[in-house]
Amino acid sequence: MTSNVASQPLFLNRELSLLKFNERVLAMAENPATPLLERLRYVCIVSSNLDEFFEIRISSLKEQQRQTPNLVGADGLTPGEAYAQVQVAVHTLVDRQYDLLNEEILPRLHEQGIVLHHASEWNEAQQAWARETFHRDVMPLLTPIGLDPAHPFPRVYNKSLNYIVPLRGIDAFGRKASIAIVQAPRALSRLISMPPELSGHPDGYVLLTSLMRAFVGELFPGLEMLGCYQWRVTRNSDLFVDEEEVTNLRQALQGELSQRNFGSAVRLEIDKLTPPDLETFLQREFSLAPSDTYRVNGPVNLSRLMQLCNVPDRPGLLFPEYRAPAPEPFNQPSVNPATLFAAIAAGDRLLHHPYQSFQPVIDFLTAAALDPDVMAIKQTIYRTGEDSELMQILLAAARAGKEVTVVVELMARFDEQTNINWAARLEEVGAHVVYGVVGHKTHAKMAVVLRREQGRLRRYAHLGTGNYHPRTARLYTDFGLLTADPAICEDMDKVFAQLTGLGARRPLKALLQSPFTLHESMVALIRAEAQAAREGRKARIMAKMNSLLETGVIEELYEASQAGVKIDLIVRGVCALRSGVRGLSENIRVRSIVGRFLEHSRVFYFHADGNETVYLSSADWMDRNFFRRVEVAFPVQDKALKKRVVDEAFTYALRDNQLAWQQQADGDYTRVRSRAAPFNLHEYLMSKLGNGGAASEVLSPG
């Protein structure tokens with residue numbers, strides 16, 4: 001259905017759109033068909049998402065309010081207007097979270113024997129166990145701080161758990177007691193297991209906060225404790241490195257990281273029972289307004305409840321286990337390096353994670369490390385994790401004397417310290433480690449292997465839409481391509497040369513690259529479809545990504561829509577484009593898929609007069625990806641693989657009537673409903689690719 005909202009701004013607000021995505025995630029938790037512990041997991045995911053939302057996006061909005069309060073954005077809002085709308089939306093979302101948790105999820109978990117024992121419900125034996133646990137495991141680690149002129153308000157770590165304790169009485173030094181702050185050490189578990197024989201349930205737990213409320217008064221002998229209320233503060237966590245002044249990025253970044261957790265406060269979360277005077281006291285301490293304060297009925301950090309999702313022997317409360325298979329020839333117990341390289345040389349190999357295993361990528365790099373004919377390995381690293389098998393392979397290859405070059409992105413948000421640590425370890429074993437181009441994050445996912453064959457060097461490569469991170473490869477949907485295509489591999493070598501050295505821009509034959517050709521190429525491809533439609537030829541655009549924000553591309557899509565091009569956009573998260581606006585975007589549909597896996601792949605399809613141009617990429621259609629990052633988009637050229645990508649990225653996603661949401665012209669989303677038989681994209685691809693095949697056959701009707 002189209003709607004005429006031409007009088008409204010052409011672009012939707014970024015922060016409000018991101019909150020709409022989190023509403024869709026929370027809807028997975030609200031859905032009774034979702035397994036119970038998975039429902040809890042989605043509640044925790046929303047909490048984690050909101051943490052980053054405040055640390056980065058709200059911090060940015062607050063900064064805009066200070067610096068450019070009257071600037072009207074593309075969404076038609078000043079920073080203050082946007083912030084006011086965002087606050088209303090967040091408060092509503094948080095209330096939904098806690099209501100769902102307390103009224104539905106926790107009671108149902110209780111029925112399943114997964115119980116949170118609150119202090120008010122402890123029997124005598126449980127009370128004794130709780131007291132012993134507090135004195136043995138908790139109390140020795142606590143340092144209470146009584147506030148007075150000699151004890152000012154303590155420095156509080158970002159997102160740390162704290163308690164404010166009002167007191168009454170006179171202490172040993174004759175001081176009048178008023179308020180104490182107790183900080184919970186990060187080493188303390190927030191969820192403590194109670195022995196089953198005491199719990200009366202298979203899985204009984206006590207929150208650290210319950211122990212604190214019951215016994216924290218024992219830290220203040222002789223004084224009357226008037227209450228104990230949990231709270232935490234969220235701080236601006238965006239890093240600032242002066243790229244014009246920096247001479248050593250790693251050193252500069254390490255200096256910034258030490259201060260990240262003490263940035264300006266942006267949110268205060270407090271126990272709903274906190275007295276108003278203590279709330280005002282905390283707001284004043286952190287220079288926050290009442291609207292920045294969130295009173296919650298439960299733990300101030302719901303992410304900590306994720307531990308409950310890992311209770312053993314509860315398969316019926318979780319999604320059925322899925323073991324992703326490896327396609328041939330990577331499904332053998334041990335793949336000989338020569339066999340692996342020969343298979344790639346014979347033709348491109350497409351991988352679709354997590355439906356297919358990430359192991360072939362590991363095998364590819366392992367073969368490169370072990371094969372005596374491999375001379376060099378070049379790879380980019382954006383996120384890989386603290387315990388990475390892949391990084392161990394690169395370390396082994398360097399120790400074996402191979403030329404190993406790794407472009408490590410030190411500015412990968414919240415993974416900076418992990419990447420710094422890996423960079424240091426790689427340098428210790430003789431690998432060449434560089435940090436890309438200052439001012440342009442290296443976000444491209446690519447690896448090149450140089451192998452000597454019959455006296456000549458031949459290149460083999462892997463490119464992907466997602467990170468070299470085996471854990472997230474089991475949770476995120478991403479495409480990967482193993483190839484020996486000379487044009488692609490040569491282009492990749494040129495990109496690596498740009499990242500490690502200096503020189504003029506070099507033309508690429510197959511790849512599109514940010515910040516040089518990706519944006520202009522996407523615009524040209526969109527315009528070509530628009531021109532085809534104007535001339536009466538078939539025209540079609542389909543694109544899949546995480547976020548769509550870049551106004552230039554959006555305007556081109558609007559023009560294409562007005563020319564008659566049918567456009568389907570599958571955008572998981574933020575989307576600034578308005579779909580279905582009469583006379584503007586009535587030929588554009590925007591879908592969001594939210595389900596068991598995190599939709600993460602970026603795929604761009606253009607009909608191109610029947611030639612069907614398909615690119616896979618690491619880049620969303622955002623300003624940063626087009627202009628401030630090093631990204632690549634790589635073509636899928638093999639006809640069979642191209643069909644697979646189109647089917648698996650678009651055909652089945654557009655048929656989904658279980659996980660899909662349709663964007664409305666005002667930016668709201670409604671669930672896709674159909675009279676057809678239920679069709680779940682994730683389940684379908686698990687069934688088809690999990691059986692070792694490719695999901696490319698035509699679906700039966702419905």
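All values below come from the heavy atoms of this structure, side chains included, with hydrogens, waters and symmetry mates left out.
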Review point. When you look at E409 and R383, which way does the salt bridge (Lys or Arg N to Asp or Glu O under 4.0 Å) test go after all the steps?
Key: CA-CA 8 Å; E409 180 46 68; R383 301 188 196 278; over 6 Å; no
Point to revise | Qualifying ring pair (Phe, Tyr, Trp, His ring centres under 6.0 Å) pairs, either residue in residues 527-573, two or more places apart | key: none
Check your understanding: Do you know which two heavy atoms are closest between G564 and A533, and how far apart they sit?
Key -> C-CB, 4.1 Å
Review point. If only atom types and distance count, is the side chain of E599 paired as donor or acceptor with the main-chain N or O of G573 below 3.5 Å?
Key: no
Check your understanding: Quick one: does S521's side chain have a donor or acceptor within less than 3.5 Å of a partner on T517's backbone?
Key -> yes
Check your understanding: Of all residues at least two apart in sequence or in a different chain, which pass the side chain to side chain contact (heavy atoms under 4.5 Å, CB included) check with Q64?
Key -> S60, L61, T68, P79
Check your understanding: Once you round to the nearest 0.5 Å, how far does CG of N102 lie from CG of N297?
Key -> 4.5 Å
Review point. For E631, which residues count as a side-chain hydrogen bond (donor to acceptor under 3.5 Å, both in side chains) partner, sequence neighbours excluded?
Key: H443, S618, N625
Review point. So, does Q97 use its side chain to make a donor-acceptor pair with the main chain of V43 at under 3.5 Å?
Key: yes
Review point. Under a 4.0 Å N-O cut-off, is there an ion pair linking R527 with E556?
Key: yes
**Study point:** For A27, all residues meeting side chain to side chain contact (heavy atoms under 4.5 Å, CB included), sequence neighbours excluded
**Key:** E30, W661, R671
Practice item. Could you grab the distance from atom CE of M446 to atom CE of M492, nearest 0.5 Å is fine? Key: 5.5 Å
Practice item. Starting from the C-alpha separation in whole Å, work towards a yes-or-no answer on side-chain hydrogen bond (donor to acceptor under 3.5 Å, both in side chains) for S601 and D478. Key: CA-CA 4 Å; S601 53; D478 276 302; 5.3 Å; no
Review point. Taking only residues at least two apart or on different chains, which pairs with a member in residues 527-553 satisfy ring pair (Phe, Tyr, Trp, His ring centres under 6.0 Å)?
Key: none
Practice item. Quick one: list whatever passes side chain to side chain contact (heavy atoms under 4.5 Å, CB included) with N546, sequence neighbours left out. Key: R572, H600, R602, D620
Practice item. Mind checking side chain to side chain contact (heavy atoms under 4.5 Å, CB included) for Q67 and listing every partner two or more places apart, or none if nothing turns up? Key: E63
**Study point:** Shortest non-hydrogen contact from H353 toward A473
**Key:** CB-O, 3.7 Å
Review point. Hey, do the aromatic rings of Y684 and Y652 have their centres closer than 6.0 Å?
Key: yes
Study note, to complete from the structure: Sequence neighbours excluded, the answer for ring-ring contact (aromatic ring centres under 6.0 Å, His included) partners of F606 is none
Check your understanding: When rounded to the nearest 0.5 angstrom, what is the spacing between CH2 in W621 and CZ in F604?
Key -> 5.5 Å
Practice item. Give the minimum heavy-atom separation between V565 and E529, together with the two atoms involved. Key: CG2-O, 3.4 Å
Review point. What is the distance from atom OG of S514 to atom CG of D623, rounded to the nearest 0.5 Å?
Key: 11.0 Å
Practice item. Show the numbers, then the answer: is there a ring-ring contact (aromatic ring centres under 6.0 Å, His included) between H469 and F358? Key: CA-CA 9 Å; H469 198 311; F358 190 72; 9.0 Å; no
Review point. According to the ring pair (Phe, Tyr, Trp, His ring centres under 6.0 Å) rule, which pairs have a member within residues 32-61, sequence neighbours left out?
Key: F54-Y294
Exercise for review: Under the side-chain contact (heavy atoms from CB on, under 4.5 Å) rule, what do E55 and R235 come out as? Steps first, then yes or no, please.
Suggested key: CA-CA 6 Å; E55 289 174 290; R235 297 183 179 275; over 6 Å; no
Review point. Are R540 and Y605 in a cation-pi setup, meaning NZ or CZ lies under 6.0 angstrom from the ring centre and within 45 degrees of the ring axis?
Key: no
Check your understanding: Taking NZ, NE, NH1 and NH2 as the nitrogens, is one of them in R644 or E648 under 4.0 Å from a carboxylate oxygen of the other?
Key -> yes
Revision key, fill the gap. By side-chain hydrogen bond (donor to acceptor under 3.5 Å, both in side chains), Y83 pairs with (sequence neighbours left out) K62, Q87, D292
Point to revise | Backbone of R267 reached by a side-chain donor or acceptor of E269 within 3.5 Å | key: no
**Study point:** Shortest non-hydrogen contact from E15 toward R57
**Key:** OE2-NH2, 2.6 Å
Exercise for review: Return the minimal non-hydrogen interatomic distance between C309 and L318, and the atom names on each side.
Suggested key: O-CD2, 3.8 Å
Exercise for review: Would you confirm whether D656, through its side chain, and L681, through its main-chain N or O, come within 3.5 Å as a donor-acceptor pair?
Suggested key: yes
Check your understanding: Are the side chain of E81 and the backbone of T78 linked by a donor-acceptor contact shorter than 3.5 Å?
Key -> yes
Check your understanding: Between L19 and A89, what is the shortest heavy-atom contact and its length?
Key -> CD1-CB, 3.7 Å
Study note, to complete from the structure: Those residues at least two apart in sequence (or on a different chain) that pass ring-ring contact (aromatic ring centres under 6.0 Å, His included) with F597 are Y355, H682
Check your understanding: For R24 and S592, what are the C-alpha separation, side-chain angles and deciding distance, and is it a side-chain hydrogen bond (donor to acceptor under 3.5 Å, both in side chains)?
Key -> CA-CA 9 Å; R24 299 193 291 277; S592 174; 3.0 Å; yes
Check your understanding: Does OH in Y476 sit with more than 12 non-hydrogen atoms of other residues, nucleotides or ligands closer than 6.0 Å?
Key -> no
Exercise for review: For residues 516-536, pull every pair meeting ring pair (Phe, Tyr, Trp, His ring centres under 6.0 Å), keeping only residues two or more places apart or in separate chains.
Suggested key: H519-F626, H519-F627
Practice item. Could you grab the distance from atom NZ of K566 to atom CE of M542, nearest 0.5 Å is fine? Key: 14.0 Å
Exercise for review: Indicate yes or no for a side-chain donor-acceptor contact from T234 to the backbone of D51 under 3.5 Å, with no hydrogens or angles considered.
Suggested key: no
Review point. Just checking, any donor-acceptor pair under 3.5 angstrom between side chains of K445 and N467?
Key: yes
Exercise for review: Decide side-chain hydrogen bond (donor to acceptor under 3.5 Å, both in side chains) for T670 and Q664; before the verdict, give the C-alpha distance in whole Å, the side-chain angles of both, and the deciding distance to 0.1 Å.
Suggested key: CA-CA 7 Å; T670 59; Q664 307 303 302; 3.1 Å; yes
**Study point:** Side-chain touch F679/Q658, heavy atoms, less than 4.5 angstrom
**Key:** no
Review point. Between R14 and D75, does at least one N-O distance fall below 4.0 Å, as a salt bridge requires?
Key: no
Exercise for review: Answer yes or no: is there a donor N or O on one side and an acceptor on the other, between the side chain of T465 and the main chain of F479, under 3.5 Å?
Suggested key: yes
Exercise for review: State whether the side chain of R39 and the backbone N or O of M28 hold a donor-acceptor pair below 3.5 Å, judged by distance alone.
Suggested key: no
Check your understanding: Between E38 and L317, is there a donor-acceptor pair closer than 3.5 Å when you use the side chain of the first and the backbone of the second?
Key -> no
Review point. For Q531 and E535, what are the C-alpha separation, side-chain angles and deciding distance, and is it a side-chain hydrogen bond (donor to acceptor under 3.5 Å, both in side chains)?
Key: CA-CA 6 Å; Q531 185 61 30; E535 295 174 0; 2.7 Å; yes
Exercise for review: Hey, could you give me the CD/NZ distance between E612 and K643, rounded to the nearest 0.5 Å?
Suggested key: 9.0 Å
Review point. Near R505 CZ, under 6.0 Å, is it more than 12 heavy atoms from other residues, nucleotides or ligands?
Key: yes
Review point. With the threshold set at 4.0 Å, does a side-chain nitrogen-carboxylate oxygen contact exist between D491 and K509?
Key: no
